[in-house]
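Since this is a predicted model, take the numbers as computed values, not measurements. Quick note on labels: first sequence line is chain A, next is B, and so on, each numbered from 1.
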There are 2 protein chains.
Amino acid sequence: MSREAPSTAVEPTPEQALDVVRESIERERLVTLFGPCRVEYEGRASSTLDVGDRLVVLKPDGSALVHTDEGQQPVNWQPPGCTHEARVDDGTFVVESQRTTPDEELLVRFESVRHVAAYDATDPEDLALSGTEADLRDRILDDPSLLEDGFEPRATERDTPAGAVDIFGEDAEGNAVVVELKRRRVGPDAVGQLNRYVEALRRDLHADATVRGILVAPSVTDRAGRLLERRDLEFVSLSPVPET
Amino acid sequence: MSREAPSTAVEPTPEQALDVVRESIERERLVTLFGPCRVEYEGRASSTLDVGDRLVVLKPDGSALVHTDEGQQPVNWQPPGCTHEARVDDGTFVVESQRTTPDEELLVRFESVRHVAAYDATDPEDLALSGTEADLRDRILDDPSLLEDGFEPRATERDTPAGAVDIFGEDAEGNAVVVELKRRRVGPDAVGQLNRYVEALRRDLHADATVRGILVAPSVTDRAGRLLERRDLEFVSLSPVPET
DNA sequence: GTCTTCATGTCGGAT
DNA sequence: ATCCGACGTGAAGAC
């Protein structure tokens, strides 16, 4: 019962495709199908897609992907947790993938299946990613003077009525400082976020407390920069990874 | 030179895989590879992924996808416009996908290729999607009283210094109305967005002009609701699709 | 190219 | 289950 060789069939009949797919779903294999098909989706939104050649991937965790020859994103999909079902309907091979909460359904109707394959896939590894917001946070915690001289971090993920603040601390004068981190160049949305946290803390702390808000990112857009000024918020340029 | 049958090879040697993949890239076919591999990415961020079974998809538009047995999203990828290259390196089959602006590179090193397939794929169809924000906008433009009696739309995508307003109009009393649309339940971010537009218009219009801000969505979260009140903004519950 | 926002966003973490 | 924010977000449209 260890990993078996991939099962594949070129130009299978609908019945042959059905056999492969049903058994593969049963045995929790990763399935790929290729051929001309129509796709219908109904759920949070709804869509139809007329006949074209597509690659359909069914994963053992219940995800489904419909890929065309273009684009990084699938043209249709279903998230993990769905139930895949295959059948032959009116002589054509059909895959249906359903879930509840919310009720959603994906239907792929093949004009013909040009290829089907099934794989035993196991992947014990986690992705090791660097250059994230967490890396930016750690850079500042390791050397708070990167933010400004005299800055002292007091907490990460500090809760406020408006949400959790990335880094909360004190400046050299003892003022409260709210730091919002972004791993890349930011627009007006990040300024709004920082502003909400600063307002919330100003309401929560003593009325006489000064609360500074500092946005930390590699850079800001013009509009975001003007918005920062208007809100009396500050900006410090810093990347998740030291500049080369 | 019309559509040929899929080419596939089970357990190819690295050299056989190389032949198939090189020719398929040349001929702009859609390629899938399956087998145990390591993956490295370097670009906006960087990542490594140790050995595991994965499905790799190379598209003729230059996209690359690395899928594990779990998750809707690829564990690694490359966007359209990249250059795919295959080679045998130290006896192992390797795929490299590169792009510029920004410089990014994806490297997939197979321990062994368990299956390779190549497809001629053409897809002339566009997805027909409904239930989007555009549908919500059209509902209101068709029947402005859905927003409130006496509302008159004047413009969509009206420009302000803070960005484009979804719907700009006038209420029964002649006050300016800024409408922000969301196709689903919204959080604090949407309130911030609406607030920016309202502030910008208050600065732009005559000092004595009243500018109302209305958020239109199926529902709002508690925090967003409180934020709306604090900012003196309004909420109207409406879905992109009429309720059943 | 940059900027801005939408998305069936997805995903993870916390409550 | 909902809420909230990060993401190598991606994709589209405007400038």
Side-chain angles (χ1 to χ4, degrees), chain A residues 41-47 63-66 70-81 99 101-106 127 129-137 157 159-160 162-166 180-190 192-193 196-197 219-225 240-241, chain B residues 41-47 63 65 70-81 99 101-106 127 129-137 157 159-160 162-166 180-190 193 196-197 219-224 240-241:
Chain A
Y41 154 74
E42 176 85 41
R44 286 165 294 174
S46 52
S47 72
S63 334
L65 305 168
V66 182
E70 292 185 339
Q72 176 181 151
Q73 297 303 126
V75 65
N76 279 113
W77 69 90
Q78 206 66 301
R99 70 158 170 163
T101 51
D103 274 358
E104 292 200 294
E105 179 179 343
L106 179 69
L127 185 73
L129 181 68
S130 69
T132 63
E133 186 181 295
D135 294 311
L136 177 55
R137 181 197 62 210
E157 300 299 313
D159 232 27
T160 76
V165 168
D166 284 338
E180 174 60 29
L181 307 171
K182 293 294 169 192
R183 69 167 300 283
R184 63 174 191 177
R185 184 173 173 86
V186 295
D189 50 339
Q193 204 182 332
R196 292 202 306 275
Y197 301 149
S219 58
V220 291
T221 65
D222 273 6
R223 226 174 241 172
V241 177
Chain B
Y41 154 75
E42 177 85 40
R44 288 166 293 173
S46 52
S47 72
S63 336
L65 305 167
E70 290 185 339
Q72 177 181 150
Q73 296 303 126
V75 64
N76 279 114
W77 68 92
Q78 207 65 303
R99 70 157 169 165
T101 53
D103 273 357
E104 293 200 292
E105 179 180 342
L106 179 70
L127 185 73
L129 181 68
S130 69
T132 64
E133 186 180 297
D135 294 309
L136 177 55
R137 181 197 60 210
E157 300 299 312
D159 232 28
T160 76
V165 169
D166 285 338
E180 173 61 29
L181 307 171
K182 292 294 168 191
R183 67 169 301 282
R184 63 171 194 177
R185 182 173 176 85
V186 295
D189 51 338
Q193 205 182 332
R196 292 202 307 274
Y197 301 149
S219 58
V220 292
T221 65
D222 274 5
R223 223 175 245 175
V241 176

Can you sort out the partners of [X] under side chain to side chain contact (heavy atoms under 4.5 Å, CB included), two or more places apart, ordered by chain and number?
| X | answer |
| --- | --- |
| B:E105 | B:E96, B:Q98, B:L107 |
| A:S46 | A:E42, B:S130 |
| B:T132 | B:L129, B:A134, B:D135 |

Within this structure, what is the [atom1]-to-[atom2] distance between [X] and [N], rounded to whole angstrom?
| X | N | atom1 | atom2 | value |
| --- | --- | --- | --- | --- |
| A:Q78 | C:dT8 | CD | P | 13 Å |
| B:L136 | C:dT8 | CG | C1' | 15 Å |
| B:L181 | C:dA7 | CG | P | 10 Å |
| B:D135 | C:dC6 | CG | P | 15 Å |
| B:E180 | C:dT5 | CD | P | 8 Å |
| B:E157 | C:dT5 | CD | P | 10 Å |

When we call it a touch if two heavy atoms are under 4.0 Å apart, what does [X] touch: a base, just sugar-phosphate, or nothing?
| X | value |
| --- | --- |
| A:D222 | nothing |
| A:Q193 | sugar-phosphate |
| A:S46 | nothing |
| B:A162 | sugar-phosphate |

Nucleotide of C:dT5, C:dA7, C:dT8 approaching B:E133 most closely (side-chain heavy atoms)
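Comparing C:dT5, C:dA7, C:dT8 against the side chain of B:E133, the answer is C:dA7.
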Pick the nucleotide of DNA chain D nearest each of B:S47 and B:P188; which residue has the one closer to the 5' end?
B:P188
Could you pick out which residue, A:L129 or B:T221, lies toward the 5' side of DNA chain D when each is mapped onto its nearest nucleotide?
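In this pair, the answer is B:T221.
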Has the side chain of A:D189 got a donor or acceptor atom sitting under 3.5 Å from an opposite partner on the base of C:dT4?
no
Passing candidate, side chain to side chain contact (heavy atoms under 4.5 Å, CB included) with A:P188, options A:D222, A:V220, A:T221
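The side chain to side chain contact (heavy atoms under 4.5 Å, CB included) with A:P188 is passed solely by A:T221 among A:D222, A:V220, A:T221.
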Partners meeting salt bridge (Lys or Arg N to Asp or Glu O under 4.0 Å) with B:E104 (sequence neighbours left out):
B:R44, B:R99
At under 4.0 Å between heavy atoms, how does the protein contact nucleotides 10-15 of chain C? Give one character per nucleotide, 5' to 3', with B, S or -.
SS----
Any side-chain heavy-atom pair from [X] and [Y] closer than 4.5 angstrom?
| X | Y | value |
| --- | --- | --- |
| A:E157 | A:D166 | yes |
| A:V165 | A:T160 | yes |
| A:P80 | B:Q72 | yes |

Using the P atoms only, state how far D:dA11 lies from C:dC11, rounded to an integer number of Å.
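Straight-line distance between the two P atoms is 16 Å.
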Taking the P atom in each of D:dC7 and C:dA7, what is the distance between them to the nearest angstrom?
22 Å
Checking the side chain of B:R223 only, and the main-chain atoms of B:G187 only, is there a donor and an acceptor separated by less than 3.5 Å?
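Not at all, since once roles are kept as given, no pair shorter than 3.5 Å links the two residues.
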Closer than 3.5 angstrom, by distance alone: can the side chain of A:R183 be matched with the main-chain N or O of A:G131 as a donor-acceptor pair?
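Yes, because the side chain of A:R183 sits within donor-acceptor range (under 3.5 Å) of the backbone of A:G131.
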Note: for A:V220 and A:L106 on DNA chain C, the residue whose nearest nucleotide lies more 5' is A:V220
Between which nucleotides of DNA chain D, read 5' to 3', does contact with chain A run, using atoms under 4.0 Å from its heavy atoms?
D:dA1 to D:dA11
OP1 or OP2 of C:dT5 less than 4.0 angstrom from a side-chain nitrogen or oxygen of B:R196, does that happen here?
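For C:dT5, OP1 or OP2 has a side-chain N or O of B:R196 closer than 4.0 Å.
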